[in-house]
Amino acid sequence: MSFPLLTATAALPAIGAVFTAAVPAARRNAAKSLALVFSLATLALAIVVLIRFNPDGGRYQLTESHSWIKDFGVRYELGVDGIGVALVALTALLIPFIILAGWHDADPLETGNKRWRPTQGFFALILAVEAMVILSFEATDVFLFYIFFEAMLIPMYFLIGGFGDRAHEHGEEAASTQRSYAAVKFLLYNLVGGLIMLAAVIGLYVVAGNFSLTEIAEARANGTLDMATNTERWLFLGFFFAFAVKAPLWPLHTWLPNAMGEATTPVAVLITAVVDKVGTFAMLRFCLQLFPEASKWATPVILVLAVISIIYGALLAVGQRDIKRLVAYASISHFGFIILGIFAMTSQGQSGATLYMVNHGISTAALMLVAGFLISRRGSRLIADYGGVQKVAPVLAGTFLIGGLATLSLPGLAPFVSEFLVLVGTFVRYPAIGIVATLGIVLAALYTLVLYQRTMTGPVKPEVAAMPDLRARELVVVAPLIVLLIFLGVYPKPVTDIVNPAVKQTLSDVNKKDPQPEVEAAK
């Protein structure tokens, strides 16, 4: 029996979460170091998975399959395709930076009464989320995927509600209330989506007789499983609704600005750069593969919702006074681009969407983490409280600018390639939708450059005059992300070579081919 590499990649952070939580309360630094070691070990295993994966090999590789709940046809089945392996690598890459960036975010607070916060619990919960997200990217049993898709809500709820941002304009008591509201809203939205998906999962079992993604997809392809049209559409809607909440897609997005605004900055990065990717990934893996005809039936409406997300998110980002909420609304706009690429049903669109998931994770992490370092120095999330920072902290301002330019998809930085592919892939099949979506690029330039101008340029405000520049730990967090943004912006081939074969197989699932260019006959 070969070594269960995929299980080990998910089990390692889970074991790390248990050991980190068990560290005595008086040894907070030991708990932090232990969590960091486990996250780096997980990254090492993820690199091994990436090396072992052969883009030209079978669709699902490094597979594992064991009987679990035999009477109900539930199996412990894991496997990764090119899309899944890229997102496993992204998750494992970002978690060490998240832990380092949040090194002091769960230290005890000094308020009116001295209040203790469980530092060990903070880092243990981050590792627990990592384990569940990785398993979600690896699961090829629908029921197994559903379990971890829902289970990750529990540690996320406590990370948002129990370890909120200290920089709150209305004081600690108001901050606690807002954190609780954001955590409950996050949980309720995602639980409702999950319950609807559960009904669809049960319905799928009734129709197919098992939960195996590969078996059901194969039966659909060879005609031995024929779903009634209405049945397929209802099941598709049940799955898609849950994924659209997680993604998040307009109008199911409203939990995200609250959650990102009230969470600590590393947890905000965990939400938008890691957890939300499960929703868009699942649209590719489950919606298109299990329900190809229903996916094509729903495409026009989904494309309209995606364009609304792009424009709406960007417009609200322009009007934000809060730095973290601005990044949250920008992310809603970016997820609109990802969903647009998925349902454009072209190889360029879906390759761009998958590449966008990776690049958005890196660019948002870079921008949000630098913004967090800025906020921790000033103690305020309000844009109006800053000014002239580039004169007193030039390295901080420079990295903030690069993160912002990546967010607006500047050529030469990683998100540009993915956004360009999404727009090209959309335009060749839906030119009107593609043209409207390009407005999101203009608005992104507006909210990013205005944010930089208001915080970093102009006269130095007295409150930021003594602001220190980035420290060694913070540079260790930011520098590798900046390097990756530049490298993948100039040379995205390592990622596209991995994801393109999986994209072609996904298009084959829905029986779609790229439109042929219309060439006028020579006269």
Side-chain angles (χ1 to χ4, degrees), residues 7-48 88 91-111 113-135 151-152 154-167 172 179 183 263-271 273-275 365 368-370 372-373 375-377 468 470-481:
T7 294
T9 307
L12 197 57
I15 295 168
V18 173
F19 278 97
T20 301
V23 173
R27 303 189 62 189
R28 289 191 301 275
N29 287 332
K32 299 173 186 179
S33 300
L34 189 62
L36 181 61
V37 167
F38 271 98
S39 69
L40 291 172
T42 304
L43 175 58
L45 272 183
I47 292 171
V48 174
V88 167
T91 302
L93 171 71
L94 291 181
I95 295 300
F97 297 127
I98 288 171
I99 289 173
L100 271 175
W103 202 254
H104 298 297
D105 284 4
D107 288 348
L109 285 174
E110 295 285 347
T111 58
N113 296 315
K114 190 172 182 180
R115 185 163 67 86
W116 175 75
R117 297 203 300 183
T119 304
Q120 293 83 342
F122 178 77
F123 294 98
L125 289 168
I126 290 175
L127 290 175
V129 171
E130 179 182 20
M132 293 173 189
V133 169
I134 289 175
L135 276 170
M152 70 179 71
I154 299 170
M156 285 306 308
Y157 169 81
F158 288 109
L159 283 170
I160 296 168
F163 301 92
D165 194 350
R166 301 182 184 187
E172 176 60 27
R179 283 198 297 269
T264 64
T265 301
V267 172
V269 172
L270 185 65
I271 294 169
V274 177
V275 172
M368 195 70 178
L369 291 176
V370 177
F373 299 148
I375 292 167
S376 67
R377 285 158 165 72
L470 291 182
R471 302 179 179 93
R473 172 179 60 86
E474 296 165 336
L475 283 171
V476 169
V477 170
V478 176
L481 298 175

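None of the values given here were measured: they were computed from a predicted structure.
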Are the side chains of [X] and [Y] in touch, meaning some heavy atoms are under 4.5 Å apart?
{"X": "Val267", "Y": "Ile98", "answer": "no"}
{"X": "Thr265", "Y": "Phe373", "answer": "no"}
{"X": "Phe123", "Y": "Leu34", "answer": "no"}

| task | With side-chain contact (heavy atoms from CB on, under 4.5 Å) as the test, would you mind laying out the steps for Val477 and Glu474 before giving the verdict? | result | CA-CA 5 Å; Val477 170; Glu474 296 165 336; 5.5 Å; no
At what distance, to the nearest 0.5 angstrom, does [atom1] of [X] lie from [atom2] of [Y]?
{"X": "Thr264", "Y": "Leu159", "atom1": "OG1", "atom2": "CG", "answer": "7.5 Å"}
{"X": "Leu40", "Y": "Leu45", "atom1": "CG", "atom2": "CG", "answer": "12.0 Å"}
{"X": "Ile134", "Y": "Thr42", "atom1": "CD1", "atom2": "OG1", "answer": "6.0 Å"}
{"X": "Leu135", "Y": "Met152", "atom1": "CG", "atom2": "CE", "answer": "9.0 Å"}

Could you pull out the closest heavy-atom pair between [X] and [Y], with the gap in Å?
{"X": "Glu130", "Y": "Pro13", "result": "OE1-CB, 3.5 Å"}
{"X": "Ala131", "Y": "Ala10", "result": "CB-O, 3.3 Å"}
{"X": "Ala273", "Y": "Leu94", "result": "CB-CD1, 3.8 Å"}
{"X": "Pro480", "Y": "Phe97", "result": "CB-CZ, 3.6 Å"}
{"X": "Gly102", "Y": "Phe122", "result": "O-CE2, 3.9 Å"}
{"X": "Leu127", "Y": "Gly16", "result": "CD1-C, 3.6 Å"}

| Derivation and outcome, side-chain contact (heavy atoms from CB on, under 4.5 Å), residues Leu270 and Ile95 | CA-CA 8 Å; Leu270 185 65; Ile95 295 300; 3.6 Å; yes
| Going through the checks in order, is the side-chain contact (heavy atoms from CB on, under 4.5 Å) test met by Ile99 and Ile126? | CA-CA 8 Å; Ile99 289 173; Ile126 290 175; 4.2 Å; yes
Look only at the side chain of [X] and the backbone of [Y], and say whether a donor-acceptor pair between them is shorter than 3.5 Å.
{"X": "Arg27", "Y": "Val23", "result": "no"}
{"X": "Ser33", "Y": "Ala30", "result": "no"}
{"X": "Gln120", "Y": "Pro24", "result": "yes"}

| said: Could you go through Arg473 and His104, starting from their C-alpha distance and side-chain angles, then the distance that decides it, and tell me whether this counts as side-chain contact (heavy atoms from CB on, under 4.5 Å)? | reply: CA-CA 11 Å; Arg473 172 179 60 86; His104 298 297; 3.7 Å; yes
